Amino acid sequence: MRIVVSTTGPIITFSSSIPLSNHPRHQSNNPKSKSKFFKNHQHPLQFERNFQPSGRSNRRKGLLLTMTESMSEGIHAMTPSPSGRKWVEKGGLQPIPRLDDYLGPMHRVHNPMIDNKFFRPSEGFFVTDYDVATQFVAVDTRHVGTPSYFLRAGPRESVVFNTDEVKAAIVTCGGLCPGINTVVRELVMGLWDLYGVKSIHGIRAGYRGFYSGDPMPLDRLVVDDWHKRGGSILGSSRGGFDLKKIVDGIVAAGYNQLYVVGGDGTMRGAVAIADEIVRRGLKITVAGVPKTVDNDIGIIDRSFGLDTAVEKAQAAIDAGHVEAISTPNGVGVVKLMGRNAGHIALRATLSSRDVDCCLIPEVPFYTEGRGGLFEFVESKIEENGHCVIVVAEGAGQELIPRTADQGYDESGNLQLLDIGKWLVSELKDWWKKKNPNKLFAVKYIDPTYMVRAVPSNAADTLFCSLLAQSAVHGAMAGYTAFVAGTVNGVYCYLPLDQIAKSTHKVDVNNHIWAWVRSINSQPDFRKYNGDDSNGNFVNVESGFASKKPADLSA
């Protein structure tokens with residue numbers, strides 16, 4: 001076999017001289033074989049073998065097809081790393097389900113953009129299914145595991161929907177996030193302007209809107225200025241997920257394209273909907289656009305709204321800093337969003353440069369004693385006369401007393417207790433005991449709803465536009481059960497079920513968190529309050545031992 005590999009950044013093109021007919025996947029192709037998300041995938045380039053668009057060269061298609069298949073099947077033979085670690089649960093080419101996989105080969109037509117009155121696609125404009133992005137660009141060569149590849153997003157040369165048959169539904173679920181309205185607007189604009197789709201409906205108030213309430217008709221004039229408005233014009237809510245009612249509502253309304261904008265819980269719901277659609281054998285695509293201002297969805301680089309949230313958090317940190325320096329022994333406490341992941345707090349800390357200590361859910365902390373938060377606050381006050389603390393909303397939850405009625409919300413998430421107010425109270429009590437005759441003031445700022453309710457900034461608006469149009473291109477091409485996202489800066493299609501179960505927390509062993517700690521010189525919150533038999537200070541929580549200060553040069 002002869003293999004030629006060419007790369008440009010993380011985008012990789014493969015070619016091979018393996019004859020197409022000899023590939024094992026072409027010995028059996030049952031389009032009706034089903035399991036959860038179609039384990040026996042018909043290869044995504046089935047169309048390329050049967051459809052010959054006029055004026056286009058097909059000299060490379062068969063060769064490139066087989067290498068892409070080989071990536072998916074043969075790459076698992078790679079030797080695991082010495083450490084036993086794997087970069088992903090299952091490496092190789094990550095297949096995206098298509099309608100053909102359970103409905104059989106579908107009639108395909110050329111992309112309507114080819115006939116646009118003003119726009120003419122240039123050579124190389126259409127993306128092919130042998131264009132992929134790799135998940136990891138920078139790796140430790142001592143721990144090279146199984147690579148993972150994702151199909152590149154973008155317009156395909158053929159589609160499975162005629163323009164006049166499409167009836168699209170757009171639903172937003174979960175909490176608010178900068179950019180929701182921008183995504184909805186660009187979904188509408190992409191369908192309307194690029195593909196000529198005129199039947200588009202917005203589902204009100206989340207998933208329950210499929211079986212209660214009237215949909216909102218959408219067109220390019222209705223959504224024209226939505227990118228300048230915060231919140232969710234369609235309305236967003238948690239809960240209300242009744243699978244049978246939802247799918248029955250989709251079928252009754254005649255929708256054949258479903259665009260879902262939401263977080264991990266919303267995506268788990270979309271997985272169930274996609275499974276039910278397959279079970280019923282319906283020609284309906286399900287496309288997702290991940291939404292979480294906390295940036296806690298895995299695999300993708302980031303979710304939309306993060307840049308805006310970090311930018312708006314700066315105003316709160318600036319206010320906390322001004323309040324802290326304007327009073328003797330002042331402390332500013334700023335609580336930012338971050339239920340399970342501290343990405344906003346981390347990025348806001350690095351970009352602000354006025355923060356002395358950053359507390360995130362991934363790093364447990366304690367308040368009193370050697371190496372604790374209060375000791376650090378006291379040292380900063382002695383040094384600078386003030387201290388600024390940024391705390392993510394999910395940090396320190398184990399420190400706050402919880403009552404029996406503080407359970408779970410409608411989405412199944414544990415209700416968060418207010419770490420900000422608790423921390424302010426603890427700080428005041430500590431100072432009163434420690435320094436009863438000294439002035440002290442704690443200023444508390446919670447900008448949560450101000451941050452998440454604003455319109456997207458320029459960077460997020462651009463990001464939302466390309467995510468939404470990537471979703472439209474994928475749905476029109478017949479892909480389903482996928483989300484649009486970026487991997488190493490490349491817009492890709494990712495399996496919906498993988499996104500639904502993935503998480504993205506701050507890697508405390510990563511250089512970025514090391515930058516936060518080194519720049520702030522903040523404590524690592526390890527308790528060193530004992531000696532082991534070798535004379536080392538011992539972390540009583542983890543058993544970690546370090547040398548005494550006098551022995552550090554040894």
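A quick note: this is a predicted structure, and the numbers were derived from the prediction, not measured. The figures here come from the full heavy-atom set of this structure, side chains too, leaving out hydrogens, waters and symmetry mates.
Applying the salt bridge (charged side-chain N to carboxylate O under 4.0 Å, His left out) test to every pair with at least one member in residues 243-259, sequence neighbours left out, gives these pairs: Lys244-Asp248, Asp248-Arg280. Legend: side chain to side chain donor-acceptor pair (under 3.5 Å) pairs involving residues 210-219, not counting sequence neighbours: none detected. A ring pair (Phe, Tyr, Trp, His ring centres under 6.0 Å) check over residues 245-284, counting only residues at least two apart or in different chains, returns the pairs His201-Tyr255. Residues in residues 447-471 take part in these salt bridge (charged side-chain N to carboxylate O under 4.0 Å, His left out) pairs, two or more places apart or across chains: Arg302-Asp460.
To the nearest 0.5 angstrom, Asn340 atom CG is 8.5 Å from Glu362 atom CD. Arg347 contributes atom CZ, which lies 13.5 Å from atom CD of Glu311 (distance to the nearest 0.5 angstrom). Atom CG of Asp296 and atom OG of Ser303 lie 7.0 Å apart (nearest 0.5 Å). Taken to the nearest 0.5 Å, the OG1 atom of Thr285 stands 6.5 Å off from the CG atom of Leu99. Atom OG of Ser158 is separated from atom CG of Asn111 by 8.0 Å, given to the nearest 0.5 angstrom. Atom OG1 of residue Thr163 and atom CH2 of residue Trp192 lie 12.0 Å apart, to the nearest 0.5 angstrom.
Side-chain atoms of Thr292 and Asp294 form no donor-acceptor pair, as typed in the model, at a separation below 3.5 Å. Side chains of Tyr479 and Asp129: a donor on one and an acceptor on the other come within 3.5 Å. No donor-acceptor contact under 3.5 angstrom links the side chains of Thr308 and Ser456, judged on distance only. When only modelled atom types and interatomic distance are considered, Asp115 and His110 share a side-chain donor-acceptor pair under 3.5 Å.
Partners of Asp418 by salt bridge (Lys or Arg N to Asp or Glu O under 4.0 Å), not counting sequence neighbours, listed by chain and number: Lys335. Taking Asp318 as the reference, nothing meets the salt bridge (Lys or Arg N to Asp or Glu O under 4.0 Å) condition, with sequence neighbours excluded.
Tested against Val293 for a side chain to side chain contact (heavy atoms under 4.5 Å, CB included), the candidates Ile180, Thr448, Leu306, Ile344 yield a single pass: Ile344. Of the candidates Asn295, Thr486, Asn488, Asp301 forms a side chain to side chain donor-acceptor pair (under 3.5 Å) with just one, namely Thr486.
Side-chain atoms of Tyr493 never come within 3.5 Å of backbone atoms of Thr480 as a donor-acceptor pair (strictly under, hydrogens ignored). At least one donor-acceptor pair closer than 3.5 Å links the side chain of Asn181 to the backbone N or O of Ile233.
Of all heavy-atom pairs between Ile170 and Leu234, the closest is O-CD1, 3.8 Å. Contact between Ala345 and Ala392 at its shortest, heavy atoms only, is CB-CB, 4.2 Å. When all heavy atoms are compared, the tightest approach of Ala468 to Leu187 is O-CD2, 3.4 Å. In terms of heavy atoms, Val355 sits closest to Ile317 at CG2-CG2, 3.8 Å. Among all heavy-atom pairs drawn from Gly262 and Ile297, the shortest one is O-CD1, 4.4 Å. Nearest approach of Ala274 to Ala481, heavy atoms of both residues: CB-CB, 4.1 Å.
The side-chain heavy atoms of Gln314 and Ser351, taken from C-beta on, include a pair separated by under 4.5 Å. The shortest distance between side-chain heavy atoms of Thr134 and Ser148 does not fall below 4.5 Å. Side-chain contact between Val127 and Arg156 is present, with heavy atoms from C-beta onward closer than 4.5 Å. Between Tyr444 and Ser425, the closest side-chain pair of non-hydrogen atoms is not below 4.5 Å. Side-chain contact between Trp513 and Asp507 is absent, with no heavy atoms from C-beta onward closer than 4.5 Å. Here the side chains of Leu151 and Leu93 are in contact, with some heavy-atom distance below 4.5 Å. Under the 4.5 Å side-chain criterion, counting only non-hydrogen atoms from C-beta, Gln397 is in contact with Arg402. The shortest distance between side-chain heavy atoms of Leu194 and His473 falls below 4.5 Å.
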### Message
What verdict does the side-chain contact (heavy atoms from CB on, under 4.5 Å) test give for Thr128 and Asp131, after you've listed the backbone C-alpha separation in whole Å, the side-chain angles of each residue and the deciding distance to 0.1 Å?
### Response
CA-CA 6 Å; Thr128 61; Asp131 289 329; 3.3 Å; yes
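Phe119 CZ: more than 12 foreign heavy atoms inside a 6.0 Å radius. Environment of NZ in Lys198: crowded, with over 12 heavy atoms of neighbouring residues, nucleotides or ligands closer than 6.0 Å.
A salt bridge does not link Lys501 to Asp497: none of the charged side-chain nitrogens sits closer than 4.0 Å to a carboxylate oxygen.
Within the 6.0 Å centre-distance limit, the rings of Tyr207 and Phe241 are counted as a close aromatic pair.
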